[in-house]
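Here's the structure, in structure tokens; my notes come after.
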Amino acid sequence: MKKADIQRFFEILRTENPEPKGELNYTNPYTLLVAVALSAQATDIGVNKATEKLFKIVKTPQDMLKLGEDGLKDHIKTIGLYNTKAKNVMAAAEMLVRDYGGKVPEDRDELVKLPGVGRKTANVVLNIAFGHETIAVDTHLFRVSNRTGLAPGATPEAVEAKLEKVIPPEFRRHAHHWLILHGRYICKARKPSCPVCPVRDVCGFKDKTEY
DNA sequence: CTCCCGATAT
DNA sequence: ATATCAGGAG
């Protein structure tokens, strides 16, 4: 995508949604970390449904250890991949208490050491909980970046690197949320709403009228 | 690359 | 009936 079009792309998204917010519910850096870890291959709505009760009981990794793996499973059985997620969340809680004083580290290399936390989840926590200008490339950003021609890449890592190069500094802070929301409601995987897309004029997607 | 894996949209 | 959903680990 041309530099001028990229500028327009984000100006349009910013105009429509000046302060974009994610749709995963959380109360602090730890619950954000848990919510994002649970959200792999699942919808926000499904995760929020489970965490609504969970986060009334659990606010810290210490709370999570008290609840226990079976107790956690009871809360998240409606979420896909719940077995491995429960195991990872418990192991991460142990590590947070033992090695980090129960605090979520503000460092990607440290975050990625936690079981069930990969680069994408770490980047979300750094961006949303700590205000870093990191761009977490999830399924939506990967699809939108490639489809529109904003930042094509074969892997999420490649797309992330390209996004950091092409997105003007003024848009980096909110780029993740703008793109994820655009991907969820307009530039959808199955049936993109190109006819009503606000950025269709600067989009490189071939069949713009497909629906 | 495969496995994990329930809920929802199409 | 099947594709997809705020991915990560082996």
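Here is how names work: the chains are called A, B, and so on, in the same order as the sequence lines, proteins then strands, and each is numbered from 1.
For the atom pair OG1 of T84(A) and CG of N88(A), the computed distance is 6.0 Å after rounding to the nearest 0.5 Å.
The shortest distance between the side-chain N/O atoms of R143(A) and the OP1/OP2 oxygens of dC5(C) is below 4.0 Å. Close to dC5(C), at under 4.0 Å from its OP1 or OP2, lies a side-chain N or O of T139(A). For dC5(C), neither phosphate oxygen OP1 nor OP2 lies less than 4.0 angstrom from any side-chain nitrogen or oxygen of S39(A).
The closest donor-acceptor contact from the side chain of H132(A) to the backbone of N127(A) lies at 3.5 Å or more, if one exists at all.
Here, dA3(C) and dT2(B) have their P atoms 15 Å apart, quoted to the whole Å. Here the separation of dA7(B) from dG8(C), taken at their P atoms, is 22 Å to the nearest Å.
At whole-Å resolution of the value, CE in M95(A) and C1' in dG8(C) are 14 Å apart. Computed from coordinates, the L24(A) CG to dC5(C) P distance equals 14 Å when rounded to whole Å. Distance CZ (R190(A)) to P (dC5(C)): 9 Å, rounded to an integer number of Å. Taking atom CG on L181(A) and atom P on dC5(C), their separation rounds to 14 Å, with Å as the unit. In this structure, I45(A) places its CD1 atom 14 Å from C1' of dT4(C), rounding to the nearest Å.
Heavy atoms of G46(A) sit nowhere under 4.0 angstrom from any nucleic acid atom.
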#### Entry: salt bridge (charged side-chain N to carboxylate O under 4.0 Å, His left out) between E160(A) and K120(A), worked out
CA-CA 10 Å; E160(A) 180 186 330; K120(A) 179 261 171 177; over 6 Å; no

### Message
salt bridge (charged side-chain N to carboxylate O under 4.0 Å, His left out) for R184(A) and E23(A)? Distances and angles first, verdict last.
### Response
CA-CA 11 Å; R184(A) 180 174 302 151; E23(A) 296 182 341; 2.6 Å; yes

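Partner Y26(A) forms a side-chain contact (heavy atoms from CB on, under 4.5 Å) with one of T51(A), L33(A), I128(A) and no other, that one being I128(A).
Closest-nucleotide positions on DNA chain C for Y26(A) and V112(A) were compared, and the one nearer the 5' end corresponds to Y26(A).
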Write out a two-atom table: protein N or O, nucleotide N or O from nucleotides 2-4 of chain B, distance below 3.5 Å.
none

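Contacts of E69(A) classified as salt bridge (Lys or Arg N to Asp or Glu O under 4.0 Å), with partners at least two apart in sequence or in another chain: K73(A).
Relative ring orientation between F9(A) and H182(A) is described as perpendicular, the plane-to-plane angle rising above 60° on a 0-90° scale split at 30° and 60°.
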